[in-house]
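The next block holds one structure in the form of structure tokens; read it before the comments.
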Amino acid sequence: MPVNSLLKMFLLTMSSGSLLLAGCSQETVSQLNTDPATTNPNTLQVQQSTPEAKPSEKEPDAGYTPTPQAIVDQMLKIAKVGKDDILYDLGSGDGRIPITAAKKFGTRSTGIEIRPELVKKANENAKNAGVTDKVKILQQDLFKSNFSDATVVTLYLGDDVNIRLRPQLFKQLKPGTRVVSFQHHMGDWVDYEYEGYPKCNPEDNCSQEDKCSLIYMWKIPEKVPENL
């Protein structure tokens, strides 16, 4: 067969193949454009209204270590948390303290957490526990948060973070509000309502450090001492 004829056949074949590929691409685009899930304005509205976790506005002030559940239970017991309380957990991690307070005592609880992945996990945990009517998990910087309606505040942060947070606690919280911290003190604020070691059984998965760490509780005073 002459070379010119072979060349013509090759060009015709390539042209047909290109048209076939173009047709598949156009059909795919056409299917996407006519799919109700992408063209229905109501569907788009639902997708746009779905909340997404925001990036952290700054580095977290404290590392994340989950509080053993046995110690969570003891912190809430020491604070005498009840159904009429309003609890804020500052640096709430996976939400176990507010979720436990809501589930066991019917307490309205709010967790403040800056890490978006932990906010998402905590909200999922609250949903799985059936307490989303009583628990809110907010992605916020705890130093910029408003927790002035709290009657109980729980903390597992760090000594330095607690001390930096102390002026906010005095400024925002009403006298008599209970503040409970695991493992970390408040510097010169030593007027404890409670100070003691947790009780951990072998099945509680408490580390040796957990067992040797104190649980502290203070009450916001009527008048802030001059040295604080």
Side-chain angles (χ1 to χ4, degrees), residues 48-67 69 71-72 75-76 79 81 84-187 189 215-220 224 228:
Q48 290 168 355
S49 64
T50 301
E52 294 184 2
K54 303 175 294 183
S56 297
E57 59 182 88
K58 68 170 194 176
E59 287 298 312
D61 291 285
Y64 171 58
T65 303
T67 311
Q69 187 60 46
I71 295 175
V72 170
M75 290 173 72
L76 297 175
V81 170
D84 296 325
D85 279 310
I86 298 172
L87 180 143
Y88 278 75
D89 185 28
L90 305 184
S92 55
D94 63 5
R96 63 183 62 192
I97 290 181
I99 289 169
T100 301
K103 196 168 182 178
K104 284 196 169 186
F105 307 106
T107 309
R108 286 181 293 152
S109 305
T110 299
I112 305 294
E113 174 59 54
I114 200 167
R115 298 171 179 84
E117 69 277 9
L118 288 176
V119 172
K120 181 179 179 182
K121 182 176 178 61
N123 279 313
E124 290 171 354
N125 290 343
K127 183 178 180 181
N128 293 337
V131 292
T132 53
D133 59 326
K134 288 184 168 54
V135 172
K136 292 187 298 183
I137 307 294
L138 305 178
Q139 186 184 345
Q140 293 181 355
D141 177 354
L142 60 89
F143 284 96
K144 297 179 181 178
S145 297
N146 181 352
F147 43 85
S148 57
D149 58 334
T151 59
V152 178
V153 172
T154 54
L155 310 168
Y156 183 20
L157 296 169
D159 295 340
D160 59 329
V161 184
N162 279 7
I163 293 168
R164 285 165 50 211
L165 186 63
R166 194 175 66 195
Q168 285 276 67
L169 299 173
F170 289 145
K171 181 179 179 180
Q172 290 199 39
L173 299 175
K174 299 178 290 294
T177 301
R178 292 147 280 167
V179 179
V180 184
S181 175
F182 174 54
Q183 202 175 89
H184 302 292
H185 58 73
M186 286 274 185
W189 190 16
I215 300 173
Y216 302 93
M217 188 178 83
W218 304 260
K219 283 186 180 179
I220 298 297
V224 179
L228 303 178

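Quantities reported herein were computed from a predicted structural model and do not represent experimental measurements.
Between the CG atom of L165 and the CG atom of L155 there is a distance of 6.0 Å, given to the nearest 0.5 Å. Atom OH in Y156 sits 14.5 Å away from atom OG in S92 (nearest 0.5 Å). Taken to the nearest 0.5 Å, the CD atom of E113 stands 9.0 Å off from the CG atom of D94. Between atom CG of residue N162 and atom CG of residue D160 there is a gap of 8.5 Å, rounded to the nearest 0.5 Å. From K136, atom NZ reaches atom CD1 of I112 across 8.5 Å, with rounding to the nearest 0.5 Å. In this structure, OG in S181 is found 12.5 Å from CE in M217, a value given to the nearest 0.5 Å.
By the 4.5 Å heavy-atom criterion applied to side chains, K103 and V135 are not counted as neighbours. In this structure the side chain of Y88 never reaches within 4.5 angstrom of the side chain of T154, judged on heavy atoms. Inter-residue side-chain proximity for H185 and I163 is flagged as met; some heavy-atom pair is nearer than 4.5 Å. Counting heavy atoms from C-beta outward, S109 and K134 have side chains that stay 4.5 Å or more apart. Contact annotation: the side chain of T100 approaches that of L76 to within less than 4.5 Å [non-hydrogen atoms, C-beta and beyond]. Using a 4.5 Å heavy-atom threshold, the side chains of L87 and T110 count as separate. Under the 4.5 Å side-chain criterion, counting only non-hydrogen atoms from C-beta, I114 is not in contact with V119. Side-chain contact check for W189 versus R166: some heavy-atom pair is nearer than 4.5 Å.
Using a distance-only test at 3.5 Å, with no hydrogens or angles considered, a donor-acceptor pair links the side chain of R178 to the main chain of A79. Side-chain atoms of Q168 do not come within 3.5 Å of backbone N or O of S145 as any donor-acceptor pair.
When the shell of 6.0 Å around NZ of K174 is examined, it contains more than 12 heavy atoms from other residues, nucleotides or ligands.
Nearest heavy-atom pair across D159 and Q183 is OD1-O, 4.2 Å. Summarising the geometry of L157 relative to G91, their closest heavy-atom pair is CD2-CA, 4.2 Å, with the distance given to 0.1 Å. When all heavy atoms of A129 and I99 are compared, the closest pair comes out as CB-CG2, 3.8 Å. Between A101 and V81, the shortest heavy-atom distance links the atoms CB-CG1, 4.4 Å.
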Go through the steps to decide whether L173 and F147 satisfy the test side-chain contact (heavy atoms from CB on, under 4.5 Å), and finish with yes or no.
CA-CA 7 Å; L173 299 175; F147 43 85; 3.7 Å; yes
Go through W218 and F170 one step at a time and tell me if the ring-ring contact (aromatic ring centres under 6.0 Å, His included) criterion holds.
CA-CA 11 Å; W218 304 260; F170 289 145; 9.8 Å; no
side-chain contact (heavy atoms from CB on, under 4.5 Å) evaluation trace for V180 with V153
CA-CA 6 Å; V180 184; V153 172; over 6 Å; no
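A search for side-chain hydrogen bond (donor to acceptor under 3.5 Å, both in side chains) contacts involving T151 returns D85, not counting sequence neighbours. Residues satisfying the ring pair (Phe, Tyr, Trp, His ring centres under 6.0 Å) test with F143, not counting sequence neighbours, are none.
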